[in-house]
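One structure below.
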Amino acid sequence: MAAPLDSRYIGRSLKRREDRRLLLGAGRYVDDFRLPGILHVALLRCPYAHARIQRLDVEAARKAPGVVAAVTGAEVRHLGPMPVMRLFPDMKVPPHPILADGVARALGTPVAAVAAETPYQARDAAELIQVDYEPLPPVVDPEAALAHDAPVLFSELGTNRSFTNIWRHGDPDAAFASAYRVVKLRVVQQRLASVALEPRGILASFDPIMEELTIWTSTQAPFRMRADIASALGLSESKVRAIAPEVGGGFGVKTAPYREDVLVAYLAVRLGRPIKWISTRSEDLLVTQHGRGGVGEGELAVTRDGKIAGLRGRVVYPLGTSLVNSAAVSASNHARLLPGAYVIPACQIEASGALTTTAPIGAYRGAGRPEGIFLIERLMDEAARALGIDPAELRRKNYIPPDRFPFKTATGQVYDSGDYERAMDRALELAGYRQLRQAQSEARARGGIAGIGLSTYVEPCALGWESGSVRVERTGSVTAVTGSSPHGQGHETTFAQVVADFLGVTPDEVVVLHGDTRSVPQGFGTFGSRSTSLGGGALAKAALEVREKGKRIAANILEAALEDVVPVPGGFQVVGVPARQVSWKRVADAAYKGQALAPGDSPGLDATVFFQIQGEVWSFGTVVAVVRVDRETGTIALEKIVWVDDAGTIVNPLLAEGQLHGGFAQGFGQALLEQLVYDADGQLLTGTLMEYAVPRADDVPEPVIEKTVTQSPRNPLGAKGLGEAGCIAVPPAIIKAVVDALAPFGIRHLDMPLTPEKVWRAIRTR
């Protein structure tokens, strides 16, 4: 593993350098770009969840003021296919037309598109399009979609089941047959919207002379956008340039192209003019991939002394009918994470994906991790109740011991490092757990409704690879180029800190470039809490290569033996002789002149690294939540929340805490507020922010956050991830606290979100 020259900057809380331009209003998002001759696209969307298009007439739209083109599904049926990760054998992927061609199978499916001189002309013209629909039976519920009598949405597939995969280990049948207690639970995870600050958008421009397509897009993965759009349009990837400028949030929903992206790129090539499409907020809620939405059922078998004997699980996800790239990811993560932080000797877990006439389900901050941890943590509480022991003690009995890492779980995941009991003990200490239990008893004696929830989580991060390039310029300044593409994380700051420490310069001397496929050979993107471990790891290794080459050049300049030259802040010196120093500027000048090079070295002073680790890194932690419930209104007051997170080495504690606070707000939102709701006809009842309740600043209490540090052995920084921790860790702690509070009423479980009405009704029906 690489090692930094010193640690002057890794571990320091530096303010984000990105914030100056953003706070001054100087940041440029996709919709800020204006190109000469630009056209704007509006889409006519199907008002039914499932319908046959009997007649489609776009002639009036084509004649409308300012309209340059109006296109239908028949004109673009040659485009595609849209990419889908086929995680499971025999996964069935239905057709995914760019515009509906004959049948629309979800509310909001685009059936026609208009390109006009202004966005207002495009929208007005789209309303002139005449469509006759024949409504068809909707299929909204995923379990109903897999029933034998459900309408089959694609006759060519013969089923609504896209995939089923089973994880099995040990002898779960024997474990359950001999168990002292078996507890069961069914959890319905509500659908969520990402509600990114910036809705999706794309601007495309085609140069017919150079035959080059440039796209500016609000994406988390510009290289994937480039590759997939090039493939859909039949273009050479080298002829497509993707630029991600400022990106106002993503949370997983902007990791791959949508049909609108392909359509806009196609129209730019076809019409020879720049084309822009910016999603409205209502469009974003309607058709941008949703998160969660799965149904999970679990059983946990425990012995008399409180050890887990076996685990069974079954999860089903509604995938929609136009599968997104990450369609199977949530179901896979839900299943593989069910063992959580515990030693489980036997398991059988089944995960299925169902085709439904709804918006697609895909990755959203956590992408199945929150669902899996929620189910196992709720099962652990049910087991503690059945055994009559404290939930903390049951966890202590079943944690994976620190000396057993790396540890392979029952679903085949290899955890790199961890100390779960230490994190829990610190959380219990900070919360004053014993005193809380005493206060709870006293409150109940007075007729109060108080509860305490405890949740331990693991978070897999850093799957895949990432690229990084580091170059010392002739002036001695440093350019770092990363394949990671930020959407609010602060890469320009944290990556400058990493490179600075490995080269012995200051972060102010490091310029970090990202988000442009012309800047770096390739990149993987930013999602799955991977950027510091992989993106930072790649830059650390590249910086180390540059440092070692610089040392060889410095040795020749200083006329000293290589072993007598050491890196120091600002350059190199001879050991024990501070007066004999050479700066990075002088070393770089020699490198680019081809002077003082060591045998085998070429001119220049740069390095590019593609960094991949053998397996994920696994963050972890514990949350303690304390709630009070108002008997008359069902209102939940979150009185205290203590959170201890372990993400290994923290490069910038200030930015890390910001990530945790953001994740906490989203986890809080799922627990108590947010829900996308379809009716039986597949109509979205929560299609605006008047109905979809996003947490506001005055809704969210301030958590107490502390960290332990258990470094990962799998990357040069020892870093893990924390971007998704809040969505994983917070909901089960809050829900368990409420269930604990309502236990005297005989309430064993309530599905999220726990609105006051839901809690009020639960109290009164018991």
_Can you confirm whether W618 sits close enough to C461 that some side-chain heavy atom of one is under 4.5 Å from a side-chain heavy atom of the other?_
no

Return all side-chain donor-acceptor pairs below 3.5 angstrom for residues 506-513, not counting sequence neighbours, or 'none' if the list is empty.
from	atom 1	to	atom 2	distance (Å)
T506	OG1	E509	OE1	3.0
E509	OE1	T506	N	2.8

*Does D501 reach the main-chain N or O of I10 with its side chain, forming a donor-acceptor pair under 3.5 Å?*
yes

*Would you find a donor on one side and an acceptor on the other, under 3.5 Å apart, between the side chain of R530 and the backbone of A462?*
no

*Can you tell me how far OG of S238 sits from CZ of R241, rounded to the nearest 0.5 angstrom?*
13.5 Å

*Are the side chain of T321 and the backbone of L355 linked by a donor-acceptor contact shorter than 3.5 Å?*
no

*Does the distance from a Lys or Arg side-chain N to an Asp or Glu carboxylate O, for E283 and R281, drop under 4.0 Å?*
no

*Let me see the working for S282 and T280 under side chain to side chain donor-acceptor pair (under 3.5 Å), right down to the final yes or no.*
CA-CA 5 Å; S282 58; T280 65; 3.2 Å; yes

*With the side chain counted from C-beta on, respond yes when V247 and K254 share a heavy-atom pair under 4.5 Å apart, and no when they do not.*
yes

*Look up atom CG in L717 and atom OG in S712, then write down how far apart they are to the nearest 0.5 Å.*
10.0 Å

*Close side-chain approach of R200 to V287, heavy-atom, < 4.5 Å*: yes

_Using only atom types and a distance under 3.5 Å, with no angle test, would you say the side chain of T288 pairs donor to acceptor with the backbone of L285?_
no

*Shortest non-hydrogen contact between P521 and R226, atoms and distance*: O-NH2, 4.3 Å

*Closest heavy-atom contact between T526 and S485?*
OG1-N, 2.7 Å

*Minimum heavy-atom separation for F495 to S484, with atom names?*
CE1-CB, 4.1 Å

*Kindly indicate whether the side chain of V262, heavy atoms from C-beta on, has any atom under 4.5 Å from the side chain of L233.*
yes

*State, yes or no, whether a side-chain contact exists between S531 and H491 at a heavy-atom distance under 4.5 Å.*
yes

*Partner residues of R105 under the salt bridge (Lys or Arg N to Asp or Glu O under 4.0 Å) criterion, sequence neighbours left out*: none

Distance-only donor-acceptor pairs under 3.5 Å for side chains of residues 591-605, two or more places apart:
from	atom 1	to	atom 2	distance (Å)
Y592	OH	V472	O	2.8
K593	NZ	D589	OD2	3.1
D601	OD1	R552	NH2	3.1
D601	OD2	R552	NE	2.8
D601	OD2	R552	NH2	3.4

_Over all atoms of both residues, closest heavy-atom pair of A363 and Q289_ = O-NE2, 2.8 Å

_With side-chain contact (heavy atoms from CB on, under 4.5 Å) as the criterion, how do Q220 and M225 come out once you've worked through the C-alpha distance, each side chain's angles and the decisive distance to 0.1 Å?_
CA-CA 9 Å; Q220 300 170 228; M225 291 289 288; over 6 Å; no

*Output yes when K541 and E466 qualify as a salt bridge under the 4.0 Å nitrogen-oxygen rule, no when they do not.*
no

_What verdict does the salt bridge (charged side-chain N to carboxylate O under 4.0 Å, His left out) test give for R471 and E473, after you've listed the backbone C-alpha separation in whole Å, the side-chain angles of each residue and the deciding distance to 0.1 Å?_
CA-CA 6 Å; R471 181 173 64 251; E473 313 286 2; 3.0 Å; yes

*State whether the side chain of D416 and the backbone N or O of V617 hold a donor-acceptor pair below 3.5 Å, judged by distance alone.*
no

*Taking W465 for the side chain and L534 for the main chain, is one N or O donor matched with an acceptor at less than 3.5 Å?*
no

*List the steps, then state whether side-chain contact (heavy atoms from CB on, under 4.5 Å) holds for T649 with T532.*
CA-CA 10 Å; T649 299; T532 302; over 6 Å; no

*Interatomic distance, R224 atom CZ to I229 atom CD1 [nearest 0.5 angstrom]*: 12.5 Å

*Is the closest basic N to carboxylate O distance between E156 and K92 below 4.0 Å?*
no

*Are any non-hydrogen side-chain atoms of L267 and W277 less than 4.5 angstrom apart?*
no

*When rounded to the nearest 0.5 angstrom, what distance separates CG in L43 from CD1 in I129?*
9.0 Å

*Does the pair R369/E459 count as a salt bridge with the N-to-O cut at 4.0 Å?*
no

*Applying the salt bridge (charged side-chain N to carboxylate O under 4.0 Å, His left out) test to E616, which of R336, R714, K720 qualifies?*
R336

*Identify the two heavy atoms, one from A359 and one from H290, that lie closest to each other, and give their separation to 0.1 Å.*
CB-CE1, 3.4 Å

*Side-chain (R62) to main-chain (A70) donor-acceptor, under 3.5 angstrom*: yes

*Say whether, by atom type as modelled, one donor and one acceptor occur between the side chain of N333 and the main chain of A367 under 3.5 angstrom.*
yes

*Could you tell me whether H78 and Y266 have their ring centroids closer than 6.0 angstrom?*
yes

*Taking the six-membered ring of F88 (Phe, Tyr or Trp), confirm whether the NZ or CZ of R86 is under 6.0 Å from its centre and within 45° of its axis.*
no

*For E117, enumerate each residue passing the side chain to side chain donor-acceptor pair (under 3.5 Å) test, keeping only those at least two apart in sequence or located in another chain.*
R273

_Interatomic distance, L44 atom CG to T72 atom OG1 [nearest 0.5 angstrom]_ = 11.5 Å

*asked:* Quick test of your reading of the model: are R21 and E246 salt-bridged, counting only N-O distances below 4.0 Å?
replied: yes

*May I ask you to say whether R270 pairs ionically with E75, meaning some side-chain N is under 4.0 Å from a carboxylate O?*
yes

*With side chains defined as the heavy atoms from C-beta onward, is the minimum distance between K276 and V41 less than 4.5 Å?*
no

*Looking at G366 and E724, what are the two nearest heavy atoms and their distance?*
N-OE2, 3.0 Å

Under 3.5 Å, which donor-acceptor pairs do the side chains of residues 201-214 form with other protein atoms, sequence neighbours left out?
from	atom 1	to	atom 2	distance (Å)
D207	OD1	I209	N	2.9
D207	OD1	M210	N	3.2
E212	OE1	R518	NH2	3.4

*Just by distance, do the side chain of R259 and the backbone of P97 share a donor-acceptor pair under 3.5 Å?*
yes

*Please identify each residue that fulfils side chain to side chain donor-acceptor pair (under 3.5 Å) with K585, with sequence neighbours left out.*
none

*Report the C-alpha separation of E18 and T493 in whole Å, then their side-chain angles, then the decisive distance to 0.1 Å, and conclude whether the side-chain contact (heavy atoms from CB on, under 4.5 Å) test is met.*
CA-CA 7 Å; E18 297 93 329; T493 304; 2.8 Å; yes

*asked:* Looking at S467 and Q522, would you say the former's side chain and the latter's main chain have a donor-acceptor pair under 3.5 Å?
replied: yes

*Out of curiosity, L263 CG to Y258 OH, how far, rounded to the nearest 0.5 Å?*
15.5 Å

*Would a 4.5 Å heavy-atom cut-off, applied to side chains only, mark V499 and V478 as touching?*
yes

*Please report the C-alpha distance between S519 and H514 in whole Å, then the side-chain angles of each, then the deciding distance to 0.1 Å, and finally whether the side chain to side chain donor-acceptor pair (under 3.5 Å) criterion is met.*
CA-CA 7 Å; S519 298; H514 56 78; over 6 Å; no

_Using side-chain contact (heavy atoms from CB on, under 4.5 Å), reason through L503 and V470 one step at a time and then give a plain yes or no._
CA-CA 10 Å; L503 289 184; V470 173; 4.0 Å; yes

